[in-house]
Amino acid sequence: MKEVKLLIWDLDGLILETETLVIKYATAVLQSHGYDLTSDAIACSIGKRPLDAWQAVVDMLNITSITAEQLLAESEALLTPHWHEATVLPGVYRLLTHFKTHNIPQALATSTPRATLLVKLSNKPDILHMFGDLTVCGDEVERGKPNPDCYLHIAKRAGVHPSHCLVLEDSPSGCQAAIDAGMICIIVPSMTDKSCYPTPTTNDEGCVAAMIPSLLDFNPLHFPGLPLFQDTICSTIPLQPEWRIKGTVVKGFGRGSKQLGIPTANLDAASLSRALAEAVTGIYCGWCNIRGPGVEEHSDKVFKMVMSVGFNPVFKQKQRSMEPWILHDFGGRDFYGAEIRLIVVGYLRPELDFEGVENLIKQIHNDADVAREVLERGEYGRFRNDPFLLGLGGGRGGGVGVGVGG
Ligand code: ADP
Ligand code: RBF
Ligand code: MG
């Protein structure tokens with residue numbers, strides 16, 4: 001594979017979590033005209049320039065009563081006051097600062113028009129700063145994604161041949177643009193349905209397109225010219241900042257103990273939705289305290305835990321769950337209703353689908369071994385004594401404070 005000389009970032013859905021905002025307001029606009037925003041319509045529009053995206057929706061839904069231009073005007077009016085609310089996705093700052101520190105040139109190639117870009121990043125000037133003058137917007141090229149224009153434009157400006165460019169993209173149309181530009185494309189899907197993306201492939205020269213679950217899973221090791229991360233602790237990634245979560249233990253799907261021999265204390269829906277707003281699905285480790293009915297004698301103790309966040313693909317759950325396995329033997333007791341406090345400090349791996357539960361069980365035990373070991377190390381260990389865990393303050397407002405991981 002060729003040496004990577006330029007990293008090119010997409011913006012929406014890759015750096016910024018704008019998808020939730022866009023879907024919310026696009027849904028409202030369409031509903032006011034009697035239409036529903038379908039997942040097909042989302043898949044064919046994300047990543048494109050705003051007007052192209054609305055035109056794709058109009059075509060997909062056979063909308064005749066209103067034009068794409070009008071829909072765009074209505075949605076922009078709703079979105080503009082909210083753009084700054086978009087959060088930075090997990091792993092973004094870690095990657096940006098890592099490559100900045102090692103003087104790897106980084107560029108931004110977005111479908112967003114220049115004026116909107118400035119609004120979106122108005123309260124996050126540190127991001128724009130990373131790219132210097134290597135930014136190109138949707139209104140500065142002839143054709144938008146899925147055409148390769150913006151990627152070719154920025155490579156030319158940087159004086160780097162496309163084959164030495166590595167693109168980070170989340171949308172089907174953006175991935176197509178990068179591949180057609182002759183670049184290596186790392187797909188970090190923002191769509192749950194992966195069938196709408198170009199198929200990951202390799203050619204004689206190496207990888208053309210590869211898919212990773214989140215930016216936390218990007219490993220420079222696979223790309224000549226990119227420096228390795230130095231922040232990992234035994235291949236786990238410290239979350240910066242750590243997540244502090246307080247919740248209640250509720251009934252889950254009743255599978256953990258019975259089917260796997262691994263009980264997991266599922267968190268209640270309200271804590272879960274607050275904590276999951278920014279969390280990447282995956283397997284994490286950290287520290288835990290529980291108090292309440294059934295576990296009164298443990299209220300002043302801190303346990304190690306290893307936690308699954310996500311859809312448990314082996315069981316094809318429709319909803320996300322957050323389930324720590326507390327690494328302590330409670331003698332088969334249940335403690336539903338107990339209060340649980342977590343400080344989540346490290347990311348271990350993405351959640352995976354396994355052939356058969358035996359392999360899942362083996363992997364979870366391996367995760368537990370990793371957690372037991374790494375929690376003694378580096379930065380992780382000091383959180384064991386954090387006052388938040390014992391309810392002595394030190395948390396953020398006694399509720400949930402979830403930072404953006406990595
Ligand atoms: P559910 O699907 O309802 O979560 P599980 O089979 O996963 O059921 O069992 C989880 C319950 O077992 C927890 O809610 C808790 O009350 C209890 N439990 C006992 N030991 C542990 C442990 N070490 N870690 C987590 N939960 C445990
Ligand atoms: N479920 C999966 O489908 N894939 C996984 O990779 C996975 N990893 C897990 C790792 C840990 C440490 C724990 C505690 C659970 C994991 N699970 C995974 C979740 C498991 O399916 C779930 O706890 C049970 O189904 C009970 O709800
Ligand atoms: Mg459980």
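Worth knowing before you read on, the calculation uses all heavy atoms, side chains too, and leaves out hydrogens, waters and symmetry mates.
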Side-chain contact, heavy-atom cut-off 4.5 Å: Val302 with Ile343? no

NZ/NE/NH1/NH2 to OD/OE distance under 4.0 Å, Arg384 and Glu376: yes

Chi angles and distances behind the salt bridge (charged side-chain N to carboxylate O under 4.0 Å, His left out) call for Asp139, Arg49: CA-CA 8 Å; Asp139 54 348; Arg49 299 193 292 199; over 6 Å; no

Does Leu166 reach the side chain of Ile186, with side-chain heavy atoms less than 4.5 Å apart? yes

Tell me whether the centres of the aromatic rings in Phe218 and Phe229 are closer together than 6.0 Å. no

Hey, does Thr264 have a side-chain heavy atom less than 4.5 Å from the side chain of Pro324? no

Does anything in residues 156-208 form a ring pair (Phe, Tyr, Trp, His ring centres under 6.0 Å)? List the pairs, not counting sequence neighbours. none

Quick one: does any side-chain atom of Asp180 pair with a main-chain N or O of Ala177 as donor and acceptor, under 3.5 Å? no

Provide the closest heavy-atom pair for Met305 versus Cys288 in the form atom of the first, atom of the second, distance. CG-CB, 3.8 Å

We want to know whether Ser163 and Lys2 form a side-chain donor-acceptor pair, criterion being a heavy-atom distance below 3.5 angstrom. yes

Looking at CD1 of Ile326 and CE of Met307, how far apart are the two atoms once the value is rounded to the nearest 0.5 Å? 11.5 Å

Looking only at the aromatic ring of each residue, does the gap between the centers of His153 and Tyr151 stay below 6.0 angstrom? no

Exam field: side chain Arg291 to backbone Ser299, donor-acceptor pair closer than 3.5 Å: yes

So how far is it from Asp12 CG to Ser111 OG, rounded to the nearest 0.5 Å? 8.0 Å

Do Lys246 and Ser271 have side-chain N/O donor and acceptor atoms under 3.5 Å apart? no

Please check if the number of heavy atoms outside Lys301 that lie under 6.0 Å from its NZ is greater than 12. yes

Value rounded to 0.5 Å, distance of CG in Leu21 from NZ in Lys120: 9.5 Å

For the side chain to side chain contact (heavy atoms under 4.5 Å, CB included) test, which of Val344, Leu342, Val345 pairs with Trp243? Val344

Checking Thr80 side chain against Ala77 main chain: does a donor-acceptor pair fall under 3.5 Å? no

Side chain proximity check, Ile187 to Asp170, heavy atoms < 4.5 angstrom: no

Would you say the side-chain atoms of Asp149 pair up with the backbone N or O of Arg143, donor to acceptor, closer than 3.5 Å? yes

Would you say Gln106 and Leu134 make side-chain contact, with heavy atoms under 4.5 Å? no

Roughly how far, to the nearest 0.5 Å, is CG of Asn219 from CG of Leu228? 7.0 Å

How about His365 and Ile262: do any of their side-chain heavy atoms sit closer than 4.5 Å? yes

Is the closest side-chain heavy-atom distance between Tyr347 and Leu239 below 4.5 Å? yes

Look at atom NE2 of His129 and say whether more than 12 heavy atoms of other residues, nucleotides or ligands are closer to it than 6.0 Å. no

When you measure from the side chain of Thr101 to the backbone of Thr97, do you find a donor-acceptor pair of N or O atoms at a distance under 3.5 Å? yes

Main-chain N/O of Ala56 paired with Asp59 side-chain donor or acceptor, under 3.5 Å: no

Distance-only, no hydrogens or angles: does the Asp268 side chain make a donor-acceptor pair with backbone N or O of Val250 under 3.5 Å? no

Taking CD in Glu3 as the centre, count heavy atoms belonging to other residues, nucleotides or ligands within less than 6.0 Å. Is the count above 12? yes

Kindly determine whether Leu61 and Leu30 satisfy side-chain contact (heavy atoms from CB on, under 4.5 Å), including the steps that lead there. CA-CA 10 Å; Leu61 301 179; Leu30 280 175; 4.1 Å; yes

Residues in ring-ring contact (aromatic ring centres under 6.0 Å, His included) with Tyr380, at least two apart? none

Do the side chains of Glu242 and Arg244 get close enough for a salt bridge, i.e. N-O under 4.0 angstrom? yes

Residues Ser75 and Trp54: side-chain donor-acceptor under 3.5 angstrom: yes

Got more than 12 heavy atoms from elsewhere within 6.0 Å of NZ, Lys362? no

Can you tell if the side chain of Trp9 reaches within under 4.5 Å of the side chain of Glu169, non-hydrogen atoms only? no

For Gly225, is there any backbone N or O sitting under 3.5 Å from a side-chain donor or acceptor partner on Lys5? no

Can you see whether Ser173 engages Gln176 through a side-chain donor-acceptor pair at a distance of less than 3.5 angstrom? no

Do Ser195 and Asp193 have side-chain atoms, one donor and one acceptor, less than 3.5 Å apart? yes

Look at the side chain of Lys194 and the backbone N and O of Thr192, then say whether any donor-acceptor pair between them is shorter than 3.5 Å. yes

For the CG atom of Leu117 and the CH2 atom of Trp83, what is their distance to the nearest 0.5 Å? 11.0 Å

Checking the side chain of Asn312 only, and the main-chain atoms of Val314 only, is there a donor and an acceptor separated by less than 3.5 Å? no

Does a donor on one side chain sit under 3.5 Å from an acceptor on the other, for Gln31 and Thr27? no

Would the number of heavy atoms belonging to other residues, nucleotides or ligands and lying under 6.0 Å from CZ of Arg377 be above 12? no

Are the ring centres of His298 and Phe335 closer than 6.0 Å? no

So, are Asp52 and Lys145 salt-bridged, with charged N and O less than 4.0 Å apart? no

So Asp367 and Gln363, side chain to side chain donor-acceptor pair (under 3.5 Å) or not? Walk me through it. CA-CA 6 Å; Asp367 296 331; Gln363 179 60 54; 2.9 Å; yes

d(Thr135 OG1, Leu108 CG) to nearest 0.5 Å is 6.0 Å

Basic-acidic side-chain contact under 4.0 Å: Arg94, Asp231: yes

Verdict with supporting geometry, His33 and Glu74, side chain to side chain donor-acceptor pair (under 3.5 Å): CA-CA 11 Å; His33 295 283; Glu74 290 181 18; 2.9 Å; yes

